[in-house]
Engineer: 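For reference, the structure I am asking about is given below.
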Amino acid sequence: MKVIVIGAGVGGLVAAELFGKAGNEVIVFEKGGKDGWTYDWHDDVSRDIFAELGITIPKSEYFIKESWTFVTPDEKTELYVETPEETRDYSIERRGLAHILAERAQKVADIRFGTGAEALIIENDKVKGVIAGGEKHYADLVIDNSGVHSPFRASLPASYGVEREPDRNEVFYAYRGFHKRAEGSPDPRYTNKVYLKHLGEEGISWCILDPSGLVNILVGRIGSLPEATFRNAYQKLKESNPIIGDEVVRGGGVYAIPVRHPAMRFGGDGYALIGDSAFMTIPMMGSGIANSMLAASLLAEAVAKSGKADAETIWNYQVAYYKRVGAKHTGGDVMKRWMLTAKPEELDFLIGKGVINKNDMQSGSTGNDIALSFSAIMDKVKRAFPRIPLLLTLKGAVDNSKKAKKVASQIPENYDSDAIKAWENKVLAFFKK
Ligand SMILES: Cc1cc2nc3c(=O)[nH]c(=O)nc-3n(C[C@H](O)[C@H](O)[C@H](O)COP(=O)(O)OP(=O)(O)OC[C@H]3O[C@@H](n4cnc5c(N)ncnc54)[C@H](O)[C@@H]3O)c2cc1C
C-alpha cells in the first residue's frame with residue numbers, strides 16, 4: 001500500500017514508522033525544515049505511551065515534572081496537588097523527541113522536509129493522494145497530521161462528513177516562552193503554578209520555575225489572544241511572580257491548540273486524521289502528544305487488520321480510539337466548558353472552600369472523571385453551605401460529563417451510516433450552543 005503522511009508531528013512520525021514497518025511505501029511531507037520543524041521547548045507527556053509503543057527516551061531528553069499548584073482567579077487560594085513521582089508525566093524536550101521519532105521513521109519511510117502538502121487530490125469524490133512540491137502524488141491512504149487548522153478537512157467531499165473547522169471556543173491560543181529569571185529574585189514557594197481563569201478571563205496562565213533555571217511562561221485564552229490581552233496578563237503574571245524576567249530564551253510565540261472532544265469523523269476512504277487535526281487533546285489542559293502517538297498506532301493496527309484503507313477501516317480506527325480515550329475526553333470537554341462559563345468568583349468559592357479539591361483538580365487536568373461518591377457529595381454539601389445551588393450546578397456538570405462519556409463510548413462498532421449519524425447527533429447534543 002502507498003501511504004502519504006502530511007506533517008511530521010509526533011503522530012505523523014509514529015504512523016510513518018509503523019506503516020513503513022508493516023511493509024507499506026511511506027512518504028512524509030513536512031513543510032518545516034529539517035533543523036527546526038518542531039517547537040523549541042519541553043512538554044509534559046504521560047510516560048505510559050512510550051512503554052506501550054516500545055520507544056525508549058534517553059535520560060538526557062526528559063526529567064520528571066513537578067506537581068502543579070492551581071491558583072484561583074482571585075489568587076487567594078493556591079492548591080498544591082502533590083502527585084507521586086512514579087505517576088507524574090515526563091517533561092520531554094520536544095526537539096529531542098521529534099528527532100528520535102524521525103530517526104526511527106526514516107529507516108522505513110521517506111521524510112521530505114521543507115516540502116509542504118498543498119492540496120488533496122480528489123477524484124470521483126474520493127481522496128486519491130496529495131499535491132506537494134507542485135507534483136501529484138497518488139496514494140492508497142493519506143494521513144493528515146497537519147494540526148488543528150488543517151486546510152485539508154475543508155476540501156473533503158461532503159460525503160466524508162468531516163467537520164471543516166473547530167468552533168472559536170474550541171481552540172486555545174497560547175503565548176509560550178522560556179524567559180531568563182529576573183536577577184536576585186527570591187525562590188517561589190511553588191515552582192509550577194497554573195492560574196485558572198486568570199484575571200477572570202477565559203483561559204489559563206502559568207509560571208513555572210524550570211529546572212534549567214529559566215522561567216516557563218504560558219498565557220492562553222480561548223478563541224484568540226489579542227496583543228493587549230497578552231500584555232496585560234503578562235504584566236499581572238510578573239507582578240505575582242517576581243522571578244519572571246523579560247529576556248526570551250526559548251519559544252516566545254503564540255500557538256494554537258485544540259481543546260475539545262475528538263472529531264466526530266476521523267476520515268473516510270483513503271484519508272485519516274490523527275493528532276491535533278482530529279482535536280485529540282485533553283480538553284482541560286490541551287495535552288495531545290500521547291494521544292496523537294496512540295492514534296497513529298491504532299490507525300496502523302486497523303489498516304493492518306483489514307489490509308485496506310477504506311471508510312470502514314478508518315471507522316474501526318475511530319472506534320478503537322473512542323473506546324481507549326476519546327469517550328473520556330468527550331466527558332472532559334463538558335467539564336471544561338462548565339469551567340469556562342463558571343464565574344470567577346464561583347471558582348474562587350468552590351476551590352477556596354475545598355468543594356473542588358486536590359483529587360478533582362488532578363482528575364480534571366489529566367482527563368479523568370471527577371468522582372462524586374455519596375460521601376464526597378456529603379463532604380461537598382458541608383463545604384458549599386450556604387451556596388448549595390452552586391454545588392448543584394457543579395454536580396450537574398459532573399453528571400453531564402459522565403453521561404457524555406457514556407454516550408461517546410457507545411460508538412457503533414459496525415460501519416453503519418444511520419447508526420453513526422444517530423450516535424453523532426447524541427454526542428453533539430451535549431455541546432449545543
Ligand atoms: C504552547 C503549547 C504547549 C503544549 N504543551 C503540551 C504538553 O505539555 N503536553 C502535551 O502532550 N501536549 C502539549 N501541547 C499540544 C501538543 O503540542 C500537540 O497536541 C501535539 O504536538 C500534536 O501533535 P500532532 O501529531 O498532531 O502534530 P503537530 O505537532 O501539530 O505537528 C504538525 C506538523 O504538521 C506540519 N504541517 C502543517 N501543515 C503542513 C502541510 N501543509 N504540509 C506539510 N506539513 C505540514 C507542521 O509543520 C508540523 O510539523 C502543547 C501545545 C502548545 C502550542
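If you're wondering where the values come from, they're calculated on a predicted model, not measured in any experiment. All residue numbers refer to positions in the sequence shown, counting from 1. Both ligands and their constituent atoms are indexed starting at 1 by order of listing. Worth knowing before you read on, the calculation uses all heavy atoms, side chains too, and leaves out hydrogens, waters and symmetry mates.
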Engineer: Taking all non-hydrogen atoms of both residues, which atom of N145 and which atom of S292 are closest, and how far apart?
Structural biologist: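 What the structure gives for the nearest pair is ND2-OG, 4.0 Å.
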
Engineer: Write out the protein residues near ligand 1, meaning a non-hydrogen atom under 4.0 Å from one of its atoms, in order of chain and number.
Structural biologist: I6, G7, G9, V10, G11, F29, E30, K31, W37, Y39, W41, D43, D44, R94, G116, A117, N145, S146, F152, R176, Y255, I257, G275, D276, T281, G286, S287, G288, I289, S292

Engineer: Quick test of your reading of the model: are E61 and R95 salt-bridged, counting only N-O distances below 4.0 Å?
Structural biologist: no

Engineer: Quick one: do R181 and D210 make a salt bridge, cutoff under 4.0 Å?
Structural biologist: no

Engineer: Working to the nearest 0.5 Å, report the span between CD1 of I208 and CG of L218.
Structural biologist: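 With rounding to 0.5 Å, CD1 (I208) is 8.0 Å from CG (L218).
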
Engineer: Looking only at side chains, do S150 and S277 share a donor and an acceptor under 3.5 Å apart?
Structural biologist: no

Engineer: Can you name the closest pair of heavy atoms from V219 and L225 and give their distance?
Structural biologist: O-CD2, 3.5 Å

